[in-house]
Amino acid sequence: MMDYKPAPDLLKNRIVLVTGAGDGIGRASARTFAQYGATVILLGRTTRKLEAVYDEIEQAGYPQPAIYPMNLEGASPKDYTDLVATLNNEFGQLDGILHNAGLLGALAPIEHYDINLWYNVIQVNINAPFLLTRACLGLLRKSSDASIIFTSSSVGRKGRAYWGAYAVSKFATEGLMQILADELVENTAIRVNSINPGATRTGMRAAAFPAEDPNTLKTPEEIMLTYLYLMGADSRGITGQALNAQ
Ligand SMILES: NC(=O)c1ccc[n+]([C@@H]2O[C@H](COP(=O)([O-])OP(=O)(O)OC[C@H]3O[C@@H](n4cnc5c(N)ncnc54)[C@H](OP(=O)(O)O)[C@@H]3O)[C@@H](O)[C@H]2O)c1
């Protein structure tokens, strides 16, 4: 992947939805997808952050993005169908989703894990991607080449003490990815894969590892090749795979 050279117009004419687009890896993904030609729908819970990303994309001269404020913690199934209706009205197509928004929750033993926090982490990290994907599939089917990317983690591939609801949600994410890929492999042009970003310099990483020197970590911008590869047509035929961005 390190020697992958995406064409400058890799994502031209594609409509791509990024969740958690206001910060960290989501922000870098949104900017990068726009740089390669995509019209990006910036979904997130903090409008001020989404507006900043919007401005960056616009000032860079990339295709004009759109902002869709949505709190995945409290969103109802109807909020997702409303979102899809808006996408259909505004764009008439959807070619990709990057499920990136995530909550770390607490690092705590299962025995003492706060129960409400457990529900919140599961809601944002796995129920929301399920609801969003379920609602968007009709629109994605209309695309001649669509990509769904889920965001996993090392602790979603091998369990580790104290990672609680976060790790469980990432295991479930890998499961959802595999099931969906298997369901869509025949008679659709939708591929479904997951990315483990690996240790990356973001607020979430700093919250999980407060004693770590962030300068030893890759920035979100430095891990974008895998995201570009999976979002663009070069990964046509690749589905059901769990990839590492580092
Ligand atoms: N950084 C790493 O080392 C690492 C490693 C493995 C996996 N990951 C995964 O990579 C993804 C991105 O993480 P990151 O490191 O970039 O974290 P981050 O900087 O904390 O960004 C997370 C994003 O998710 C959004 N979000 C959280 N709760 C939300 C909600 N209820 N509704 C809508 N949006 C919500 C946040 O919005 P606000 O900014 O508005 O709060 C933020 O934009 C996550 O899925 C994470 O699990 C990261």
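Counting convention: from 1, in listed order, for ligands and their atoms alike. Note that the numbering runs from 1 along the sequence shown for the chain.
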*Asks:* Does any non-hydrogen side-chain atom of N120 lie less than 4.5 Å from one of E73?
*Replies:* yes
*Asks:* Just need the protein heavy atom nearest to atom 33 (C) of ligand 1, so name the residue and atom and give the distance.
*Replies:* M70 O, 3.5 Å
*Asks:* Using a strict 4.0 Å threshold on nitrogen-to-oxygen distance, state whether E222 and R201 make a salt bridge.
*Replies:* no
*Asks:* Just heavy atoms, cut-off under 4.0 Å: does T46 contact ligand 1 by side chain, backbone, both, or neither?
*Replies:* both
*Asks:* Sort and list the pairs that fulfil ring pair (Phe, Tyr, Trp, His ring centres under 6.0 Å) and have at least one residue in residues 50-71, not counting sequence neighbours.
*Replies:* none
*Asks:* Would S153 count as a polar contact of ligand 1, with the cut-off being nitrogen or oxygen pairs under 3.5 Å?
*Replies:* no
*Asks:* Quick one: side-chain hydrogen bond (donor to acceptor under 3.5 Å, both in side chains) pairs with a partner in residues 43-52, sequence neighbours left out?
*Replies:* D23-K49
*Asks:* Give the ring-plane orientation class for Y229 versus Y4, where under 30° counts as parallel, over 60° as perpendicular and anything between as tilted.
*Replies:* perpendicular
*Asks:* Any idea which atoms of ligand 1 are less than 4.0 Å away from a heavy-atom of G24?
*Replies:* 16 (O), 19 (O)
*Asks:* Is the shortest side-chain heavy-atom distance between K170 and N196 below 4.5 Å?
*Replies:* no
*Asks:* Could you see which bit of R27 sits under 4.0 Å from ligand 1, with heavy atoms only: side chain, backbone, both or neither?
*Replies:* neither
*Asks:* Can an N or O of Y166 be found at a distance shorter than 3.5 Å from an N or O of ligand 1?
*Replies:* yes
*Asks:* Under 4.0 Å, heavy atoms only, figure out whether ligand 1 is touched by the backbone of R201, its side chain, both or neither.
*Replies:* neither
